[in-house]
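Note that this is a predicted model, so its numbers are computed, not measured. Indexing begins at 1, ligand by ligand and atom by atom, following the structure's order. Position 1 is the first residue of the sequence, and the numbers go up from there.
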Amino acid sequence: MSSILDSRPALREVIEQVAEVTGYLWQKGWAERNGGNITVNITEFADTEMAALPALAPAQPIGKTLPNLRGKFFYVKGTGKRMRDLARQPMQNGSVIRICPDCASYEIIADLPVMPTSELPSHLALQDYLLGTGSTYKATLHTHPIELVAMSHIQRFLRPGEMTRVLWSMIPETLAFAPLGIGIVPYKLPGSVELADATLEQIKEHDVVLWEKHGTVAVGTDIMDAFDQTDVLCKAANIYMCARSMGSEPDGMTPEAMREVQQVFHLPTKRPC
Ligand code: 13P
Ligand code: ZN
């Protein structure tokens, strides 16, 4: 079967990176069954031939109107598809969509009519925001990292700033590589527009957003970057849990030590473009 990737080696490389990352998600235990989803903005690869591809199925509503997405192209994981299957066959477990001129619906154009993820409203709301701010970020990742989801079951960690403070204090790299910390979205129905709206508000101020009792959402320059953002925070959560399982609350780095890292490394307090 022919693929949209056949004559586009640069696009193939992007999709191969997605496949590599989905393998990691499965290996980490973050992607049970069809858990998690991905979108990558691939508009830069849309030549005239790709732009002229016909829709493989009737246009579908996004659930939101997103003005910065008109005519943009995205690779998206298919709903119900497994990350571990996508790692082997990315174009059978995901598809390429084009946003319609109304900015409120999309068409699937390649390779197969695989229906996009149920979390499309959240992914596309973030993509719309990134484009609107002139960001170079292209990828969005939702996954189910065990330790971070476990922490979201404890009320104390849902208080503003509390989870960020604890995670930052576990290991200096967390502060260095996730300087904006983790934002919390109180539990909402998966796939809902309310969840998308709340996620958008939190990503403006944080590196990663945690959906209470569900999973994380990260953005990145590419999908590897979005994975790394999640991994850095999940590693800190894992260290916290390991220390707790040794029998006591970990001390954590002192506020002075954390301030020193922030100052010496000139860490940003706002999302970089
Ligand atoms: P999809 O299979 O629709 O991508 O859903 C997985 C998921 O994690 C929902 O939050
Ligand atoms: Zn999920």
* Check: Lys81 N/O within less than 3.5 Å of ligand 1 N/O -> no
* **Which of the ligand 1 atoms, numbered from 1, are nearer than 4.0 Å to a heavy atom of Asn34** => 1 (P), 2 (O), 5 (O), 6 (C)
* Could an N or O of ligand 1 be found under 3.5 Å from any N or O of Gly80, whether backbone or side chain? -> yes
* Work out which heavy atom in Ala125 is nearest to a heavy atom in Lys64; give both atom names and the distance. => CB-CE, 4.0 Å
* To do: Please determine, by modelled atom types, if Thr199 and Trp211 share a side-chain donor-acceptor pair under 3.5 angstrom.
  => yes
* In ligand 1, which numbered atoms sit nearer than 4.0 Å to a non-hydrogen atom of Glu119? -> 9 (C), 10 (O)
* Can you find a heavy atom in the side chain of Val76 that is under 4.5 Å from one in the side chain of Ile38? -> no
* Find all atoms of ligand 1 within a distance of less than 4.0 Å from any non-hydrogen atom belonging to Thr79, and give their numbers and elements. => 1 (P), 2 (O), 3 (O)
* **Pro190-ligand 1 polar pair, N/O distance under 3.5 Å** => no
* To do: Could you list which atoms of ligand 1 come closer than 4.0 Å to a heavy atom of His142?
  => 8 (O), 10 (O)
* Polar-atom distance check: His214 versus ligand 1, any N or O pair below 3.5 Å? -> yes
* Okay, side chain of Trp168, backbone of Ala178: is any donor-acceptor separation there less than 3.5 Å? -> yes
* Quick one: does Ser95's side chain have a donor or acceptor within less than 3.5 Å of a partner on Val114's backbone? -> yes
* To do: Mark up the atoms of ligand 1 that fall under 4.0 Å of a heavy atom belonging to Lys77, in ascending order.
  => 1 (P), 2 (O), 4 (O)
* To do: If the plane angle is over 60° it's perpendicular, under 30° parallel, otherwise tilted; pick one for Tyr240 and Phe157.
  => perpendicular
* May I ask you to decide whether Glu249 forms a salt bridge with Arg156, counting only side-chain N to carboxylate O separations under 4.0 Å? => yes
